[in-house]
Number of protein chains: 2
Amino acid sequence: MRIGVVGLGKAFMLMLPTFLMDRRVQLVAASDTDPLSLRQFKADFPAAAVHGDIESLCKNPDVEVVYIGTPHQFHAVHAEIALNAGKHVLVEKPMAVTLEDCCRMNACAQRAGKYLIVGHSHSFDHPISRAKELIDSGRYGRVRFIHSMNYTDFLYRPRRAEELNTDLGGGVVFNQASHQLDVIRLLAQGRVVDVSSYLGRWDAARRTEGAYSALIKFDNGVAANVTYSGYAHYNSDEVMGWVNELGEKQPERRLFPTRLRLDEVLNKGSEAAYKNEMSYGRGWSAHGLPKMARNHQHFGHLVISCEGADIVPKAEKIEVFANGEYHCENFSMPDFPRQEVMDELFDAISGTRPPVHTGEWAMETLDLCIALLEGGKPELIGMRATAVACAGRSSGR
Amino acid sequence: MRIGVVGLGKAFMLMLPTFLMDRRVQLVAASDTDPLSLRQFKADFPAAAVHGDIESLCKNPDVEVVYIGTPHQFHAVHAEIALNAGKHVLVEKPMAVTLEDCCRMNACAQRAGKYLIVGHSHSFDHPISRAKELIDSGRYGRVRFIHSMNYTDFLYRPRRAEELNTDLGGGVVFNQASHQLDVIRLLAQGRVVDVSSYLGRWDAARRTEGAYSALIKFDNGVAANVTYSGYAHYNSDEVMGWVNELGEKQPERRLFPTRLRLDEVLNKGSEAAYKNEMSYGRGWSAHGLPKMARNHQHFGHLVISCEGADIVPKAEKIEVFANGEYHCENFSMPDFPRQEVMDELFDAISGTRPPVHTGEWAMETLDLCIALLEGGKPELIGMRATAVACAGRSSGR
């Protein structure tokens, strides 16, 4: 797959190990507004083209798939440009910040006859798809209840201003619930009919949601309870064998170092400048990537209760606690991180397997995120055909 | 304290180590409908009186406090008899099965000028009161969110029919939420203004709630998320250092043995008969009690998020994860289990310290349990004076 990268920021840096290690992938082009990042890209990938804007990248006939890792509020317009130019699109989550944007993106993909895939999200993770296989085997009866809990330092990692502004897609609901709810939806396999939510906004210096909790009910009787705190104290990796979200085995850490580091950064000057210093082309390059062996990625403690068993996926293994039967599968180390995303993209383009994480799928996850934020029901409830909702919306605009 | 025991069942058996080991306590009398249990009591406590009914026990001038461990639906009438006879009462949780019963019990206690204390519940546990002290110190800012999760084999322990009948006080809401919500209420220190709940009823052979999850909001802005499954698969003691609810260190158990044992019991005959065989005077006596050292008791994984720290109480220690500060207090082993209940009772009667777990307190916990069951708001919301609610109810009946 010949991939053109739009946006050489943090999302790209997290995908770079995958792009480098997957032999099916060639990075053939990039565009960014920052000349330093582009220069680094050219240094790391001498055969690739660099473009000053997405329009010219999309005119590049070498580009087969456009990977969009720009700030959330630009996903829609960038995806539209790429799709209209006849490219497949892999866009980071959250798909967009409004349902209107999602509608337009999906309509574009349909008109263009191209794939629009949204990810990486942790619902791609192998332990999750293995859990889904076990559920789908029917051996343990129907899923009844899912519990998911994750405590991290999310809010105290260095941030740009927009990342702390909910209207622009900041905060833990747009950024972390988009993982957690994607996982829950994949396992529950129903449509959401009811949501009750709590939003935590505890830090006057970082005025966005840093925590949430929700009780979610699906039309097939499944219920789920999701809790997330990004307020940087207790680390729930304690329950995950001290393997972190990226699959790295950690020492038994008592405290996240992030907040201390952030205090230092704030004392010295601007947080955004510090984040910028750590960016691709400054602190980072393709040669500076960690080489350590990694487990699968995860998104916190998860217990899937079926009628006949509890299924507990972790980074290193999946455990099944059933009636009189305990069953543990140890995973082998993945060849490289996020392989599942490339598999889904490759299989879609080659016609081997239809993708799961389509624009239609991701739009419903965004719908649920917005329902959490607004304390209301998802708007798309009961609408099997997203097109209906989209048509209504377009005419109303 | 000279205690008369009403009901020599499972609740009494769980309190017996406490009664035996607390030097302030003398068991001076007992009543039960089962002659075998009474005979055992006489054998274990030769100086004590045995009574065929509660009325005659309550006429016994030696009895200062009546401990009520009868089935839930009899708590109200038994407490009233004891209070009207001028005794202090310690009644097991849940206080009763209806709010009307609670009202009558509280009115009785008030008229009699005697203490009505409800417990044991896990909100008495030392790790919980230590967490409350840390919160009350103000050092970590306001409590914002509380997460509580417990996965046990509750539903598959041997049961009498009424224990599987919600109307008679059976199921996990009356029996286990009465622990979990008591803990949450004590730590949240507000009044409940909103509840969203899910009830799990997955086993056609045991038709009561075996699981629940709820999102609860308090008038002081605190929110809590509680999850409980008693469906006997995954064991959340994994997260509690393999210390069980009673404070006993366990081997790393993969499966609960209860369901297997239950299948055996059911194959051989009646579950109720089996449970009866294990009762006081048959399988048990004061001499058969385990002597092992125990940690404090607990009710599952609990994370209390304050503005400036997460506080995590466990059976052996309490951990504080704050901004740049990790703090762990290891508990010493308690002298005997549930000492906190006897402390509260003793201090109340001796006038040293007013009790926390009064009938008024416990009535609000029952109110919240009923709200969970009915998917509605608690009835007592906003009513500071329980008396007002009670008066309204009495006139309506």
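Below, read A as the first sequence line, B as the second, and so on, with proteins coming before strands; counting in each chain starts at 1.
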Considering only heavy atoms, give the residues of residues 196-204 of chain A separated from chain B by less than 4.5 Å, sorted numerically, with 'none' for an empty result. S196(A), S197(A), Y198(A), R201(A), W202(A)
Counting only heavy atoms closer than 4.5 Å, note whether V222(A) contacts chain B via side chain, backbone, both or neither. neither
So salt bridge (charged side-chain N to carboxylate O under 4.0 Å, His left out) across residues 236-247 of chain A, not counting sequence neighbours, yields E238(A)-K314(B)
Restricting to non-hydrogen atoms, name the atom on N225(B) and the atom on S213(A) that form the minimum distance, rounded to 0.1 Å. ND2-OG, 2.7 Å
For the atom pair CG (N323(A)) and CG (L255(B)), what is the distance rounded to the nearest 0.5 Å? 9.0 Å
Region of A211(A) in contact with chain B, defined by heavy-atom distances below 4.5 Å: neither
Looking only at heavy atoms, the pair that brings L215(B) and A214(A) closest together is CD2-CA, 4.3 Å
Can you tell me which portion of V195(B) sits under 4.5 Å from chain A's heavy atoms? Options are side chain, backbone, both or neither. neither
So, the part of Y326(B) with a heavy atom under 4.5 Å from chain A: the answer is both
Considering heavy atoms only, which positions within residues 143-154 of chain A lie below 4.5 Å of chain B? R144(A), F145(A), H147(A), M149(A), Y151(A)
Does the side chain of N235(B) reach to within under 4.5 Å of the side chain of F321(A), using non-hydrogen atoms? no
Taking side chain as everything from C-beta outward and backbone as N, CA, C, O, which of these in E319(A) sits under 4.5 Å from a heavy atom of chain B? Side chain, backbone, both or neither. side chain
Determine which residues belonging to residues 303-313 of chain B lie within contact range of chain A, meaning some heavy atom pair is under 4.5 Å apart, and list them by number or answer 'none'. V303(B), S305(B), C306(B), E307(B), G308(B), A309(B), D310(B), V312(B)
